[in-house]
Structure formats: C-alpha cells, structure tokens
Amino acid sequence: MQQLGKASSANIETWLETINTYNSTPEFGTTRVLFTEPEVGARNYVKGEMKKLGMTIHEDAIGNIFGVYPGTDATLPPVWTGSHIDTVLNAGMFDGMSGVVAGLEAVRLIREAGISLRRSLVVVVYTSEEPTRFKLGCLGSRALAGKLDAAEAATLHDAAGTSLYEVLEQLGFPVQDFDLVKRTPGDVFAAVELHIDQTGVLERAGKTVGIVKTICAPTVLEVEVVGRQSHAGGTSMEERRDAYMAACELALVLENLGRHSDSEYTTVTVGKVDVIPNAVNVIPGKVVFSVDIRDCDYDKKNELVVKFRQAVSKVESERGVGVTIKMVNNDHPMGCSPKITQLIEKNCCQQDVPYMYTISGAFHDSMLVGDFAPVAMIFVPSHDGISHSPQEWTDFDDLAAGTDVLTGTLVALANA
C-alpha cells in the first residue's frame with residue numbers, strides 16, 4: 001500500500017472555480033439558490049466529478065447527494081464527509097463548496113494511493129444548508145435527522161408560493177420515499193466536515209486549521225409589532241403608537257442581552273425588517289423583523305429568549321403596541337466528538353499543520369448530522385473574516401493543507 005500524496009491546490013481551485021460558473025449573479029458575487037437552474041447545474045457537475053473518481057451516486061427524497069467510494073466491508077456503517085453547494089444571495093465561492101471539493105480531493109488521494117478502506121467513504125452534498133429559498137436552513141440534514149418530514153416540507157413555501165414538496169416532486173425526486181431519508185444512531189460511523197472559518201480568528205492567530213469544539217445553534221424568531229398608522233405631521237409625539245420605534249427599541253434590547261450574555265459565545269442579529277407602509281410621511285403601523293440568536297449553550301440561549309420576551313411585554317405596555325413572536329426554529333448546539341477532534345489534532349501534528357481549537361458561531365449541516373452520528377469539523381482561514389460576500393476568500397494552499405488533515409482523518413476512521 002502506498003502512502004497518501006499531498007492534496008493539489010490546483011485541483012481544488014479548478015473544482016471551485018468551475019462550480020462558481022453556475023451562478024445567477026456573475027456581475028455581483030455568487031448566487032446559487034436551491035433547485036434553480038444554476039444550482040441544478042452545479043449538482044450535475046459535482047455528480048459527474050464523483051463518477052470520474054469511481055464513486056456510485058444516489059439521491060434521496062429531499063435531494064441530498066451521496067457519492068459512495070466503496071469499502072471492503074459493506075456491512076460496516078460508512079464514514080461521511082461533505083457540505084453544501086447552495087449559497088445566500090450575492091455570496092462568495094468558498095462557503096460550503098470547499099467542504100464538497102475537499103471530500104472529492106480526499107477520495108482522489110485515497111484512490112491514487114491504492115489505500116483500501118474497510119468502511120465506505122461517502123461524500124455528501126446536503127440540500128440547502130442556507131435558508132435562502134424556503135426560509136429554513138439545513139433542509140437536507142434536518143430531514144436526515146428526522147426533523148423535517150414530508151408533511152412539513154409541504155408547509156414550506158418560497159416567495160412564489162410553491163412548496164418544497166411540490167418542487168421536489170416537479171424535479172422527480174422520490175417524495176414517496178420521504179420516510180426513508182431519516183437516519184438513526186449507528187447508521188453512520190462518523191462524519192467530518194471541512195469548512196471555511198467565516199471569522200478572522202484563524203488568520204489573526206496564524207493557524208491553518210481550526211478544530212471545532214462546538215457548533216453554535218440558532219434560534220430564529222419572527223417578530224411582528226402592530227401600532228397605529230397615522231400622519232407624520234398631524235400626530236403629536238405623545239399620541240403616537242409607532243411600530244417602527246418600538247421595533248428599534250426591541251432591537252437595542254436584544255443587542256444589550258447579547259453583549260452581556262455570560263455564555264462562552266453568543267450572537268444576536270436583526271437581519272430582515274419589513275416596515276409597513278414604508279412611506280416618508282407616514283408613521284408605520286406595522287413592522288415585521290427577524291431575530292437570529294446563536295449560542296454554544298442551549299440553556300443560556302433559552303434564557304436569553306425569555307429575557308427578550310419579558311422586554312417585549314414592557315415595550316407593549318409603554319408604547320401602546322402589540323407584539324407577537326413566532327418561533328421559526330430552536331436548534332440545539334452540537335458538541336463535536338472528542339475522539340474525532342483528537343484524531344484531527346493528531347493528523348495536524350503529524351503533518352506539521354498549525355492548529356487551534358475554536359467554536360463555530362455559524363451553524364452547519366454537521367449540527368444536525370450530530371443527532372445520529374459522531375461529528376467533527378475542520379476549519380481553514382477566511383481572509384479578513386469575510387463570508388457571505390463577494391469578497392469571501394480562502395487561500396487554495398490553506399484549503400489543500402486542510403484537505404490533507406481531512407484525508408488522514410477519514411482514512412483512520414474508515415479503517416477503524
């Protein structure tokens with residue numbers, strides 16, 4: 001048996017740049033929304049590259065792609081790696097795609113070295129990690145974890161009013177087999193996802209690899225504030241029931257709660273605001289805004305939500321508005337497997353790759369996969385910490401180094 005070669009930064013660059021050609025906004029970053037023509041084209045391209053590497057391919061009812069590099073014992077639970085290829089609007093070309101490409105390169109290295117694996121190695125392309133089209137993230141991994149079934153898929157609608165279930169049906173996915181998507185503990189031996197850092201932590205520390213300890217999980221709320229629409233000049237300051245000003249006060253309360261959280265890592269964001277009627281000379285009668293709360297500690301995250309609800313009651317009373325809160329999702333943070341993170345650390349040391357332990361503030365498919373399998377994540381640096389932007393950048397040499405660590409880890413797990 002030969003030794004593993006080194007990952008090719010040129011291969012990684014070619015794959016990423018080719019995937020990036022499937023793009024609905026080439027004039028401004030990368031946009032590849034779930035099941036649009038560019039996203040379907042990228043899916044077909046990735047499946048073609050998997051076939052070139054000797055992998056067999058199947059897709060499930062929600063569109064997760066599984067490229068299987070067979071092991072010698074088909075009775076053993078497989079090892080998974082991979083990520084997603086959909087994007088937010090006007091994004092970069094590294095978020096998600098890097099993990100898929102790293103998986104492909106790992107298979108190439110294993111195949112060319114003639115290394116035999118006991119367990120099959122599966123490169124997974126998870127359906128719609130980003131919540132861009134159906135307003136809920138991690139659709140594919142959520143279904144794998146048993147947290148999204150056919151009935152709920154029928155309730156998720158895009159801006160055109162088409163349900164996720166209808167789109168899947170139109171594209172020919174086997175929606176009649178939706179109940180077969182779910183995995184249970186023991187079905188997958190381990191899953192390791194490579195991803196860009198999306199912060200400046202690794203770059204500032206001069207480290208090539210981040211070994212993730214915990215993946216923070218989001219709680220997403222939709223908040224509706226209803227006041228009284230009236231004339232901007234004719235309504236005195238004392239008479240106003242201004243929905244927008246009440247919403248602003250709630251946003252500042254939220255920011256203060258996030259800044260003073262005693263958790264190891266907390267973030268709070270108001271990212272989407274709809275003001276009605278949105279006119280210069282009209283006091284807004286209604287505002288709907290999103291709240292995104294992330295934390296590495298589920299209990300502390302819930303405590304923050306309780307405090308926010310208490311603040312809502314106070315604002316309602318003082319400002320004469322009504323506030324309703326809809327919880328979109330409330331996911332659990334996922335602690336990465338110590339056994340796998342120690343294996344990643346061992347590979348970093350063996351390969352002389354500078355590393356550090358870190359927390360993932362962003363959520364990833366691994367957060368849901370962790371419900372049925374031990375998971376871990378490998379981060380590589382993001383330049384200036386920029387992500388979800390056309391300026392997103394990760395050096396291909398860093399991706400290659402991270403892929404080398406990933407490959408060594410996958411081989412060890414597949415032969416365990």
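Side-chain polar atoms of Ser366 and Glu193 form a donor-acceptor pair below 3.5 angstrom. Looking at Asp95 and His195, their side chains do bring a donor and an acceptor atom within 3.5 Å of each other. Asp197 and Ser382 share no donor-acceptor pair across their side chains, judged by distance under 3.5 Å alone. Residues Tyr22 and Glu39 have side chains that never bring a donor and an acceptor to within less than 3.5 angstrom of each other. A donor-acceptor contact closer than 3.5 angstrom is absent between the side chains of Thr132 and Glu130. No hydrogens or angles considered: a donor-acceptor pair under 3.5 Å links the side chains of Glu392 and Ser387. In the model, Asn347 has no side-chain atom that pairs as donor or acceptor with a side-chain atom of Asp404 under 3.5 Å.
Here the side chains of Phe35 and Thr127 are in contact, with some heavy-atom distance below 4.5 Å. Residues Val68 and Met55 have side chains not in contact (no heavy-atom distance under 4.5 Å, counting atoms from C-beta outward). Side-chain contact check for Arg259 versus Thr266: every heavy-atom pair is 4.5 Å or farther apart. By the 4.5 Å heavy-atom criterion applied to side chains, Thr214 and Met334 are not counted as neighbours. Taking the side chain as every heavy atom from C-beta outward, Cys296 and Ser263 approach each other to under 4.5 Å. Between Phe134 and Val167 the shortest side-chain heavy-atom distance falls below 4.5 Å. Between Leu139 and Leu156 there is a side-chain heavy-atom pair separated by less than 4.5 Å. Within the 4.5 Å cutoff, no side-chain heavy atoms of Leu221 are placed close to those of Asp292.
Here OG1 of Thr81 is found 9.5 Å from CE of Met377. Values are rounded to the nearest 0.5 Å. Between the CD1 atom in Ile62 and the OH atom in Tyr165 there is a gap of 12.0 Å [rounded to 0.5 Å]. Between atom CD of residue Glu49 and atom CG of residue Asn44 there is a gap of 12.0 Å, rounded to the nearest 0.5 Å. Atom CG of Leu164 and atom CG of Leu148 lie 6.5 Å apart (nearest 0.5 Å). Note that CD of Gln198 is 11.5 Å distant from OG of Ser389, once rounded to the nearest 0.5 Å. In this structure, the separation between OH on Tyr265 and OG1 on Thr267 is 5.5 Å, given to the nearest 0.5 Å.
Salt bridge Lys135/Asp158: absent, no basic N to carboxylate O contact under 4.0 Å. A salt bridge links Lys213 with Glu264: the closest approach of a Lys/Arg side-chain nitrogen to an acidic carboxylate oxygen falls below 4.0 angstrom. A salt bridge is absent between Asp242 and Arg319: the closest approach of a Lys/Arg side-chain nitrogen to an acidic carboxylate oxygen does not fall below 4.0 angstrom. Taking the charged nitrogens against the carboxylate oxygens, Arg228 and Glu239 have no contact shorter than 4.0 Å, which rules out a salt bridge.
For the residue pair Thr403 and Ala106, the shortest heavy atom distance occurs at CG2-N, 4.3 Å. Of all heavy-atom pairs between Gly206 and Pro354, the closest is O-CB, 4.1 Å. In plain terms, the two heavy atoms of Ser163 and Ala153 that are nearest each other are CB-O, 4.0 Å.
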key: Evaluation steps, side-chain contact (heavy atoms from CB on, under 4.5 Å), between Val40 and Thr36   = CA-CA 6 Å; Val40 172; Thr36 58; over 6 Å; no
ask   = Step by step, would you call Lys272 with Asp274 a salt bridge (charged side-chain N to carboxylate O under 4.0 Å, His left out)?
value = CA-CA 7 Å; Lys272 185 175 187 297; Asp274 293 322; 2.9 Å; yes
task = Go through the steps for Leu117 and Ile110 under the test side-chain contact (heavy atoms from CB on, under 4.5 Å), then give the verdict.
result = CA-CA 9 Å; Leu117 305 178; Ile110 292 166; 4.1 Å; yes
message = If you apply the rule salt bridge (charged side-chain N to carboxylate O under 4.0 Å, His left out), what do you find for Lys147 with Glu152, and how did you get there?
response = CA-CA 9 Å; Lys147 295 181 176 179; Glu152 187 175 1; over 6 Å; no
request  = Take Arg43 and Leu34, measure what side-chain contact (heavy atoms from CB on, under 4.5 Å) needs, and give me the verdict at the end.
outcome  = CA-CA 10 Å; Arg43 284 170 164 267; Leu34 175 67; 4.2 Å; yes
inquiry  = Could you walk me through whether His231 and Ile283 satisfy the side-chain contact (heavy atoms from CB on, under 4.5 Å) test, starting with their C-alpha distance in whole Å, then the side-chain angles of each, then the deciding distance to 0.1 Å, before giving a yes or no?
reply    = CA-CA 6 Å; His231 194 287; Ile283 298 167; over 6 Å; no
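For the pair Ser360 (side chain) and Ala362 (backbone), a donor-acceptor distance under 3.5 Å is present. Side chain of Ser120 to backbone of Gly71: a donor-acceptor contact under 3.5 angstrom is found. A donor-acceptor contact shorter than 3.5 Å is absent between the side chain of Ser317 and the backbone of Ser313. For Asp297 (side chain) and Asp299 (main-chain N/O), a donor-acceptor pair under 3.5 Å exists by modelled atom type. A donor-acceptor pair is defined here as one N or O able to donate and one able to accept, closer than 3.5 Å; no such pair exists between the side chain of Gln229 and the backbone of Pro284. A donor-acceptor pair under 3.5 Å links the side-chain atoms of Asn415 to the main chain of Arg118, judged by distance alone. Listed for the Thr21 side chain is a donor-acceptor partner under 3.5 Å among the backbone atoms of Thr18. The backbone N or O of Ile85 sits less than 3.5 Å from a side-chain atom of Arg32, completing a donor-acceptor pair. Glu105 places a side-chain N or O within 3.5 Å of a backbone atom of Ser8 that can act as its donor or acceptor partner. Between the side chain of Ser337 and the backbone N or O of Ala376, no donor-acceptor pair lies under 3.5 Å.
For residues 173-186, the pairs satisfying side chain to side chain donor-acceptor pair (under 3.5 Å) are Thr184-Asp187, with sequence neighbours left out.
For Arg119 and Phe189, the positive end sits near the middle of the six-membered ring, less than 6.0 Å away and at most 45° from its axis.
Heavy atoms from other residues, nucleotides or ligands lying under 6.0 Å from CZ of Phe363 number more than 12. Atom CE of Met245 has 12 or fewer neighbouring heavy atoms from other residues, nucleotides or ligands inside a 6.0 Å radius. Within 6.0 Å of CD in Glu37 there are 12 or fewer heavy atoms belonging to other residues, nucleotides or ligands. Within 6.0 Å of atom CG in Asp352, 12 or fewer heavy atoms from other residues, nucleotides or ligands are found, so the atom counts as exposed in its surroundings. Counting non-hydrogen atoms of other residues, nucleotides and ligands closer than 6.0 Å to NE2 of His58 gives a total above 12.
Note: Tyr298 and His332 have parallel aromatic rings, judged against thresholds of 30 and 60 degrees for the angle between ring planes. Using cut-offs of 30° and 60° for the angle between ring planes, the His364 and Phe379 rings count as perpendicular.
Of the listed residues (Leu406, Leu104, Thr407, Asn11), just one forms a side chain to side chain contact (heavy atoms under 4.5 Å, CB included) with Leu109, and that residue is Thr407.
The aromatic ring centroids of His84 and Tyr126 lie 6.0 Å or more from each other. Between Tyr45 and Trp15, the ring center distance fails the sub-6.0 Å criterion.
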